[in-house]
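Okay, structure first, notes after.
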Amino acid sequence: MTNDASQDELLEKVRSEFRDNGVPVVASSVRKFPGETIVVLEVSEDAFEKAIRLANQLDSLIPAGFITVKKTTRPVPHALSEDTVSLSDPRISALIELLNARSRTSEQQPSLKYVRDAAEWLRIAVSKRHHLIFGRRGVGKTALMLEAKRQVEAKGAQTLWINVQSIRSLTPEQAFLSIGARLCDLPAVFFESWKTAGKSVAVAAQLKTRVLAQLKEAAPSAQELGLIIAELQHLFNRFGIESSRDVYVFVDDVHYLAMSGQPKFLDMLHAISRDNAFWLKIAGIKHQTRWFSDNPPVGLQTTHDAAIINLDITLENPAKAKEFLTSILQTYAHEATISYLSSFISSSALERLVIGSGAAPRDFLLLCANSIQVARQRANARVTGVQDVNEAAGLAAKNKLQELEDDAASSFGGAQARLNCLNTIRTFLLEQSKATYFRVEFRDKEAHPGEYSLLQSLMDLRLIHLISSSLSDEHHAGRRFEVYALDLSQFSGSRLKYNLRTLDFSGGSLVLKFTGSKTPPRVGDTPKRLLGILRRGPHFPLDQLRPPAPA
């Protein structure tokens with residue numbers, strides 16, 4: 001690492017700690033002296049005293065040095081406060097821009113800051129084992145893998161990042177060969193700064209020529225493909241001995257490959273890793289991913305070959321979801337030099353964001369940005385409210401349906417089948433049952449696996465959300481249900497038209513409300529009361545999703 005890069009990393013670490021503690025840094029620099037490093041921070045006058053106290057606590061971040069703070073002479077916008085703030089403040093504009101630009105992560109643009117989840121999946125993701133990382137769109141699969149990539153690289157590992165969306169049109173064999181060609185570059189990258197390169201560099205160069213030749217073929221030779229797999233396995237055995245380095249391959253959005261070919265694709269990658277310090281991290285949407293086929297056995301077998309990381313934070317525990325999601329939003333607010341979320345959004349609107357996003361982080365952030373924009377259309381708006389969130393959710397419906405189209409190529413049933421499924425559920429709930437949540441019986445999902453897969457695909461697209469994974473029946477022992485809620489985007493425009501039973505989130509508890517009615521809400525603030533609310537959801541028979549018989 002160059003000296004400049006080391007200084008940049010040190011400054012970012014210090015600035016990040018100050019942001020997290022509510023002290024925006026106006027400017028920063030590093031001064032180097034023989035045997036001593038000083039980080040100089042400039043802050044506004046009203047943050048000066050707090051900054052000094054914080055600097056004393058964080059001196060340990062600076063090896064052989066310390067942090068010094070001074071009042072800035074640069075112009076600083078007036079700090080936001082809960083008493084005097086307007087949504088027209090330029091920092092609110094900066095926040096909206098950040099939320100829209102940085103809520104979707106990629107290799108070139110990682111998360112603004114990785115926020116650890118309560119399950120500490122990151123600690124598991126960096127371990128030396130193959131992992132299948134599952135979750136709905138926008139829950140943080142890419143963010144987790146990018147942070148894992150950063151951490152293993154810091155320990156000296158060699159890495160390769162694959163975005164499957166760029167190779168989605170290829171066959172499993174072609175997709176594998178395209179990755180194989182890139183793997184052949186790793187030895188040369190590692191030994192680039194060495195005076196004497198390892199023998200693996202020349203071996204990899206020769207092998208890459210053969211890989212590219214096969215990639216140009218319309219149908220790669222099965223025999224040659226088998227030989228290439230064996231030689232790639234041997235190449236990384238040799239490279240591991242020469243470099244004493246682990247290799248991590250991160251494969252993002254594997255569900256973009258045709259589902260029928262996914263087991264073979266993963267099987268070929270897995271074959272390279274045999275007896276090598278070579279670890280696969282595969283991310284995808286679970287119900288659109290087939291990672292193993294047992295006849296014949298092909299792919300990655302869970303527990304034996306790979307472990308599963310499930311990132312989905314659902315609405316089963318909305319209070320926990322709110323804590324995690326608001327911590328992410330606070331990171332963005334601090335980056336925009338906004339100290340308090342209450343400066344621009346009400347507490348009830350935050351809770352509506354949790355429900356409206358189905359606890360998916362990307363949806364939460366984008367819905368927040370859109371809600372602020374809706375609120376700004378009101379004259380002299382001070383904070384974003386619940387109705388702003390409702391309106392923004394309705395505007396998001398079109399985008400979610402577009403994602404349904406985008407995912408159709410590889411998923412069960414295709415776009416039209418899923419759209420029919422959504423329309424059937426909407427009709428059942430909004431027109432027949434006057435409710436926005438429903439129950440699915442365990443025995444029913446076992447009897448209708450195809451229809452249940454369609455239902456799960458709607459959950460992956462955040463068009464419905466899991467509320468309870470196991471709800472008992474109050475009248476029949478042993479009878480159990482799953483409970484789902486329709487996404488806010490699918491009915492927010494109908495709330496006044498229908499006298500709907502809707503689930504909301506208020507004061508840390510799920511609440512049953514009756515729109516367009518004077519009936520008081522029911523608060524699920526005890527296990528018994530929550531059960532009573534969930535059991536009021538109508539029972540949805542999965543055979544209603546069965547396509548009509550041909551005439």
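Just the heavy atoms: all of them, side chains too, but no hydrogens, waters or symmetry mates, feed the values below.
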Heavy atoms from other residues, nucleotides or ligands near CD of Glu97 exceed 12 (cutoff 6.0 Å): no

Would you kindly check if the NZ (Lys) or CZ (Arg) of Lys445 is within the cone defined by 45 degrees around the ring axis of Phe442 and under 6.0 Å from the six-membered ring centre? yes

Answer yes or no: are there more than 12 heavy-atom neighbours, outside Asp275 itself, under 6.0 Å from its atom CG? no

Look at the side chain of Arg245 and the backbone N and O of Gly156, then say whether any donor-acceptor pair between them is shorter than 3.5 Å. yes

Apply side chain to side chain donor-acceptor pair (under 3.5 Å) to Thr314 and His465, showing your working. CA-CA 7 Å; Thr314 68; His465 306 295; over 6 Å; no

Answer yes or no for Arg439 and Phe481: cation-pi contact, defined as NZ/CZ to six-membered ring centre under 6.0 Å and angle to ring axis within 45°. yes

Between the CG atom in Leu207 and the SG atom in Cys184, the distance rounded to the nearest 0.5 Å is 4.0 Å

Would you please indicate if the ring centroids of Phe278 and Phe236 are separated by under 6.0 Å? yes

Minimal non-hydrogen separation, Pro220 against Gln174, with atom names: CG-CG, 4.5 Å

Before giving the answer on side chain to side chain donor-acceptor pair (under 3.5 Å), spell out for Glu482 and Ser469 the whole-Å C-alpha distance, their side-chain angles and the decisive distance to 0.1 Å. CA-CA 5 Å; Glu482 292 176 342; Ser469 57; over 6 Å; no

Measure from the side-chain N and O atoms of Thr331 to the backbone N and O of Ser327, and report whether any donor-acceptor pair falls under 3.5 Å. yes

Please determine whether side chain to side chain donor-acceptor pair (under 3.5 Å) holds for the pair Arg238 and Ser200, giving the CA-CA distance in whole Å, both sets of side-chain angles, and the decisive distance to 0.1 Å. CA-CA 6 Å; Arg238 178 193 293 268; Ser200 60; over 6 Å; no

Which atom of Asp487 lies closest to which atom of Gly356, heavy atoms considered: OD1-O, 3.3 Å

Run the side-chain contact (heavy atoms from CB on, under 4.5 Å) check on Leu419 and Gln416 step by step: do they pass? CA-CA 5 Å; Leu419 189 57; Gln416 192 57 52; 4.2 Å; yes

Aromatic plane relationship, Trp279 with Tyr248 - under 30° parallel, 30 to 60° tilted, over 60° perpendicular: tilted

